[in-house]
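No hydrogens, no waters, no symmetry mates; every other heavy atom, side chains included, goes into these values. Whatever order the structure lists them in is the order used to number ligands and atoms, beginning at 1.
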Amino acid sequence: MTFDPRQGSGSLPIILEDDLPVIEEFATTDTPPGGVLEREIRLAELLDMKAFREVCASFVDLYKIGIKIFDRDGTKLVDIRVGNGDWCGYIFAHPTGRHECTGLVTKIKQFNYPGLEQGEVVEQHCFSGLKYVIMPITYGGDLLGRVIYGPFLPGDLRSPGEEVTKWADFDPQRLWSYGDKIRRAPDEMVIKILTNFRGVVDTITFVAMKALMTSQLHVESITASYNELSQANRRLRESFEKLQELDRLKSNFLAMISHELRTPLTSVIGYSEMLVEGMAGPINEEQRQFLGTIKEKGESLLELIGSLLDMSKIEAGAMDVHPSELHVPELLEAAKTYIVPQAAKKQVRLVVECEPGLPQLMADRDKVKQSLINLLGNAVKFTPQQGTIRIGARLFVGPRRKNAAAGRFGAPDERFVRFDVSDTGIGIPADKLERVFQSFYQVDNSITREYGGTGLGLAIVKRFVEAHQGEIWVESHEGRGTTFSLLFPLEKPRTGDVVEAPRF
Ligand code: ADP
């Protein structure tokens with residue numbers, strides 16, 4: 001217990017109880033079902049208890065009558081006493097007094113105190129002659145708590161209550177002498193004080209309730225949005241998992257179908273070759289031409305199946321990289337040789353430019369060669385007659401393009417073998433440049449499109465390059481030509497080199 005420094009010049013000391021329950025303000029963020037409008041609000045969560053106690057203290061200071069406030073469940077929120085310490089202490093020291101006093105306090109605290117639920121102000125006499133007035137605190141007809149005002153000496157009390165005079169070893173006169181310190185208050189005065197106090201409490205409760213409702217409704221609407229978002233998120237995750245599963249099934253299906261198609265197709269090509277060579281008897285010119293077409297179409301079909309198989313292997317994560325030391329000029333020649341027939345047929349010039357003295361490249365020969373062949377095949381396909389295709393290799397020292405573009409700090413002097421395949425063909429519109437690396441994407445995807453293909457070639461090249469921690473990019477001018485560039489690192493990436501993980 002502490003003495004209130006604000007006790008002023010009056011002779012009656014005001015005592016503030018400092019062992020009041022600690023109230024967690026607005027601790028109920030987990031709103032029960034039904035929402036804030038339907039749940040029971042506790043006074044303690046509604047009010048700013050510190051400010052409310054100060055209001056009570058100033059009333060006590062003014063009228064020198066104590067105030068206790070209980071929450072609806074009997075939790076004591078405010079207890080400011082004034083003047084009755086000696087009186088009550090003397091009674092409490094007596095066994096009968098202690099018993100009676102405890103009974104009275106329990107009665108006052110009880111939840112269903114008669115009349116309070118109906119909003120009435122009720123009087124409670126203490127057996128010692130003092131008096132209390134109990135006032136309900138309500139909001140919208142609901143009982144939130146109660147104010148116990150007192151004790152005070154009733155205006156007409158001239159001696160201690162009759163009860164105490166019956167007790168053995170108890171001096172009623174001594175008790176009466178302690179009454180000097182207790183405020184004497186006629187009923188009219190107490191009613192006036194309480195009417196004022198009720199006005200203040202009602203205003204505070206109303207404002208606090210409004211703030212609580214607003215904040216709780218806000219919390220509820222945020223919670224509702226959060227729940228909606230969580231549900232959407234869950235649905236999204238489920239769809240994503242389903243899609244992943246479908247994607248896996250698609251890859252397996254592609255792999256299986258491609259494999260099954262390859263065998264009969266190889267026979268078709270083989271048998272048409274044998275027929276052309278006259279192994280099954282002589283054939284005339286027209287038959288030779290027809291067989292030539294069967295063989296040619298069979299071969300492009302086989303190529304397509306090969307691409308599908310490659311792609312499905314990549315997507316199933318079954319791509320292995322088998323590095324070996326590669327002699328770059330020899331690699332360029334091999335790729336060129338493969339493409340020469342197509343280039344010759346289209347009368348397109350092929351130029352190979354290899355920087356002398358290039359170091360050996362540690363990479364998967366088949367994949368690097370396949371990458372170059374895919375790029376050369378496209379170059380021939382999309383370049384009109386008399387055009388020129390260049391395939392070059394040189395040493396490239398510098399930062400990775402992705403690091404440089406993103407302003408990241410990567411090794412500024414990493415060494416690569418850089419391949420460029422350029423043509424003087426139709427070019428790619430600027431807004432389509434990045435998309436050409438997506439699977440099945442073709443700039444011209446109309447049914448009447450002029451150029452054949454599957455839209456898988458570049459996607460495969462990109463995966464092959466990334467499997468080597470390399471980079472690929474394209475530059476193009478519509479109607480003037482295109483250059484695809486590949487970087488294959490000469491050394492393994494070091495710590496600090498920022499490398500995007502290959503996507504398979
Ligand atoms: P495909 O060639 O089988 O259609 P690719 O993945 O190899 O598939 O290429 C995708 C698309 O990129 C092509 O359909 C074409 O529109 C465009 N493209 C690729 N290379 C070139 C090039 N050298 N010149 C113009 N367009 C190109």
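Using a 3.5 Å distance cut-off with no hydrogens or angles, the side chains of D73 and T75 do pair a donor with an acceptor. Defined by atom type and a distance below 3.5 Å, a donor-acceptor pair is missing between the side-chain atoms of Q231 and N227.
Distances from atom 6 (O) of ligand 1 to the heavy atoms of N378, I389, L458, T383 put L458 nearest.
Counting heavy atoms from C-beta on, the side chains of L304 and L308 come closer than 4.5 Å. Two residues are said to be in side-chain contact when any heavy atoms from C-beta on lie closer than 4.5 Å; F419 and L332 meet this criterion. The side-chain heavy atoms of I294 and L275, taken from C-beta on, include no pair separated by under 4.5 Å. Put simply, the side chain of F437 reaches to within 4.5 Å of the side chain of V474, judged on heavy atoms.
Counting the atoms of ligand 1 from 1 in the order shown, those under 4.0 Å from a heavy atom of L456 are 6 (O), 8 (O). Those atoms of ligand 1 that come under 4.0 Å of a heavy atom in K381, given as number and element, are 1 (P), 2 (O), 3 (O). Heavy-atom proximity to G455, at under 4.0 Å, picks out these atoms of ligand 1: 1 (P), 3 (O), 4 (O), 6 (O), 8 (O).
Given atom 23 (N) of ligand 1, the protein heavy atom at minimum distance is D423 OD2, 2.9 Å. Of all protein heavy atoms, the one closest to atom 12 (O) of ligand 1 is V436 CG1, 3.4 Å. With hydrogens left out, the protein atom closest to atom 13 (C) of ligand 1 is F382 CZ, 3.7 Å, a heavy atom. Atom 4 (O) of ligand 1 has Q442 NE2, 2.6 Å as its closest protein atom, hydrogens excluded (heavy atom only).
E353 is linked by a side chain to side chain donor-acceptor pair (under 3.5 Å) to R390, counting only residues two or more places apart in sequence or in another chain.
Residue contacts with ligand 1: I428 is placed with no nitrogen or oxygen under 3.5 Å of a nitrogen or oxygen of the ligand (distance criterion only). Annotation: F484 places no N or O atom under 3.5 Å from an N or O atom of ligand 1; distance criterion only. In terms of N/O distances under 3.5 Å, ligand 1 is approached by V443. Of the N or O atoms in Y441, none lie within a sub-3.5 Å distance of an N or O in ligand 1. The shortest N or O to N or O distance between G457 and ligand 1 is under 3.5 Å.
The nearest pair of heavy atoms linking V340 to L350 is CG2-CD1, 4.0 Å.
To the nearest 0.5 Å, atom CD1 of residue I148 and atom NZ of residue K68 are 8.0 Å apart.
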